[in-house]
Amino acid sequence: MKRLILLFALLLGAAGARAQEGYVPAPENLAARGQFAADRFGVFIHWGLYAQPGQGEWVMQQKNLDYREYARLANSFYPSKFDARAWVRAIKAGGARYITITSRHHDGFSLFRSAATPYNAVDGTPFGRDILAELAQACREEGIRLHFYYSHVDWGRTDYWPRGRTGHGTGRPDGKEGDWAHYQAFMKAQLTELLTQYGPVGAIWFDGLWDHDSQPREAQPGIWGLYDQYALIHRLQPGCLIGNNHHLDPFPGEDIQIFEKDVPGENEAGFSGTAGVSRLPLETCQTMNNSWGYNITDRRYKSADELVRYLVRTASKGANLLLNIGPRPDGTLPEEALARLEEMGKWLAVNGESIYGTQAGSIPEQPWGVTTQKENKLYLHLFRPQPELTLELPGKVRSAVLLADGTPVSFKQKKGTVTLTIPEPTAATPDRVVTLEFR
Ligand code: H79
């Protein structure tokens, strides 16, 4: 019977695809897309019960932890130093314009009050506070947008169906079917809560479809009734953007395209080889060290300079950077993360004009750096000192200055080439920006 329901669902997926083909984003959705692209920099938060074992958010799968034993971590979920306002202030000072937080990850624990399951921060822990509600309020007060990550995969629920590649050692009754319709109803109930109880939601960020990447692409939207979920989200909040980290070309109904650990078009981490770069707003998510959820032994942090340049490189491809932090079990953000945020904030406070609201640069990546642009300005991002630079540029340059302090940069222009003589740097910086203004 359940197999029949699944088959039916897959067929519905195909029919739903036709309905979504006609998806016309609402005016507020188009406005939100523009705002999203202008924001350019967001902070990702991976937080849940997995912060306590401190081995990342995949610990349940990687160590084959029984879901009933794992669930006892809820009894000791008491992040006594959690202060939503402190998070938001640090993130905002870092120059980020939005926060994307894991409302529920593959372990199945919800960080928010949910009538659909007691396995949540309010009803299932001694802490008893709604993390998302506190964060939403702090975001509202500080004027920063809030997005929710939502996992399709669940390694603990017995109704979870269809099973994918992961979660076979977590004690779910394997070899026994789940209950597709029940799991669907559960997810829809939670999505409804997320979109009705926390004010405007900037985006819903789905994850997990790759667990079924052995299925043909056409069948994939039916696996979890994606198009039903998309329609629900856009009905509840037409301006809420939908993104899905499925590593494929965007499906109809999606509003942004996500790249996991890849600058669009590079496939450096190997997850994006199956996807082209679409015309939707783009977002690259990346870790500061090598973990998403808090990892107590992962000291391999990228330097602040590397992170600034990573942000600049994503912007030069016309993409946002969603940079991750995994808070500790006590609710604090690791000092390493705070220090990097602070450095990025300092650089952005001076050079933000060359990032926020810009588009991909017309000059592709060069040995010296990259470019971004906005209106009649082209920003040259010099990643290494460059006393002289000759560029082929149509159009007449009116002025050239260092963005940081307005120091003029002398230039000669003839027959479509510009030669710049760049003053010697006086202080170390990860990226020195020259603004070229065109007539
Ligand atoms: O939330 C973070 C991760 O927990 C989650 N997405 C980010 C944002 C994530 N983890 N891994 N992945 C996404 C990528 C999936 C990797 C896969 Fe596979 C490799 C899918 C298919 C091949 C692992 C190995 C799962 C199945 C086989």
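Atom set for the values below is all heavy atoms of this structure, side chains included, hydrogens, waters and symmetry mates excluded.
No donor-acceptor contact under 3.5 angstrom links the side chains of Asn289 and Thr287, judged on distance only. With hydrogens and angles left out, the side-chain atoms of Tyr150 and Asp207 include no donor and acceptor closer than 3.5 Å. Residues Tyr70 and Asp107 bring a donor and an acceptor atom of their side chains to less than 3.5 Å of each other. Side chains of Asn120 and Ser114: no donor on one and acceptor on the other come within 3.5 Å. With no hydrogens or angles considered, no side-chain donor-acceptor pair links Gln61 and Thr166 at under 3.5 Å. Checking Thr390 against Thr419 by side-chain atom types alone, a donor-acceptor pair falls below 3.5 Å. Using modelled atom types and a 3.5 Å distance limit, the side chains of Gln373 and Thr358 yield no donor-acceptor pair. A donor-acceptor pair shorter than 3.5 Å cannot be found between the side chains of Glu260 and Ser272. With hydrogens and angles left out, the side-chain atoms of His46 and Tyr294 include no donor and acceptor closer than 3.5 Å.
A salt bridge does not link Lys261 with Glu268: none of the charged nitrogens is closer than 4.0 Å to a carboxylate oxygen.
Sorted by first then second residue, the ring-ring contact (aromatic ring centres under 6.0 Å, His included) pairs that include residues 357-384, not counting sequence neighbours, number zero. Applying the salt bridge (Lys or Arg N to Asp or Glu O under 4.0 Å) test to pairs two or more places apart or on separate chains, those with a residue in residues 381-403 are Arg398-Glu437. Pairs passing the salt bridge (Lys or Arg N to Asp or Glu O under 4.0 Å) check and including a residue from residues 241-259, sequence neighbours excluded, read Arg33-Asp255.
Scanning for ring pair (Phe, Tyr, Trp, His ring centres under 6.0 Å) contacts around Phe438 gives an empty result, with sequence neighbours left out. Looking at residues two or more places apart in sequence or on another chain, you find a ring pair (Phe, Tyr, Trp, His ring centres under 6.0 Å) between Tyr198 and Phe148. Applying the ring pair (Phe, Tyr, Trp, His ring centres under 6.0 Å) rule to Tyr67 yields no partners; only residues at least two apart in sequence or on another chain are considered. Phe109 pairs by the ring pair (Phe, Tyr, Trp, His ring centres under 6.0 Å) definition with Phe77, Tyr119, not counting sequence neighbours. Evaluation of the side chain to side chain contact (heavy atoms under 4.5 Å, CB included) rule for Val409 yields Ala400, Leu402, Leu420, Ile422, Pro423, Val434 as partners, not counting sequence neighbours. Glu306 is linked by a salt bridge (Lys or Arg N to Asp or Glu O under 4.0 Å) to nothing, counting only residues two or more places apart in sequence or in another chain.
Aromatic ring pairs are classed by plane angle as parallel below 30°, tilted from 30° to 60° and perpendicular above 60°; the pair His152 and Trp224 is parallel. By the 30° and 60° cut-offs, the orientation of the rings of His247 relative to Phe271 is parallel.
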Name each donor-acceptor pair under 3.5 Å that joins a side chain in residues 341-349 to protein atoms two or more places apart or in another chain, with its distance.
from	atom 1	to	atom 2	distance (Å)
Glu343	OE2	Lys346	NZ	3.3
Trp347	NE1	Asp431	O	3.0

Only pairs under 3.5 Å count here: list side-chain donor-acceptor contacts from residues 325-340, not counting sequence neighbours, and write none if there are none.
from	atom 1	to	atom 2	distance (Å)
Arg328	NH1	Thr332	OG1	2.8
Arg328	NH2	Glu335	OE1	2.6
Asp330	OD1	Thr332	N	2.8
Asp330	OD1	Thr332	OG1	2.7
Glu336	OE2	Arg299	NH1	3.3
Glu336	OE2	Arg299	NH2	2.3
Arg340	NE	Lys302	O	2.6
Arg340	NH1	Glu336	O	2.9

Please table the atom pairs, donor to acceptor, closer than 3.5 Å between any side-chain atom in residues 89-100 and protein atoms at least two apart or in another chain.
from	atom 1	to	atom 2	distance (Å)
Arg89	NE	Glu142	OE2	3.0
Lys92	NZ	Glu142	O	2.7
Tyr98	OH	Glu283	OE2	2.6
Tyr98	OH	Asn320	ND2	3.2

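Paired with His105 under the rule side-chain hydrogen bond (donor to acceptor under 3.5 Å, both in side chains), one option of Tyr149, Trp58, Trp155 passes, and it is Tyr149.
In this structure, Ile144 and Val88 have side chains that are in contact, with non-hydrogen atoms separated by less than 4.5 Å.
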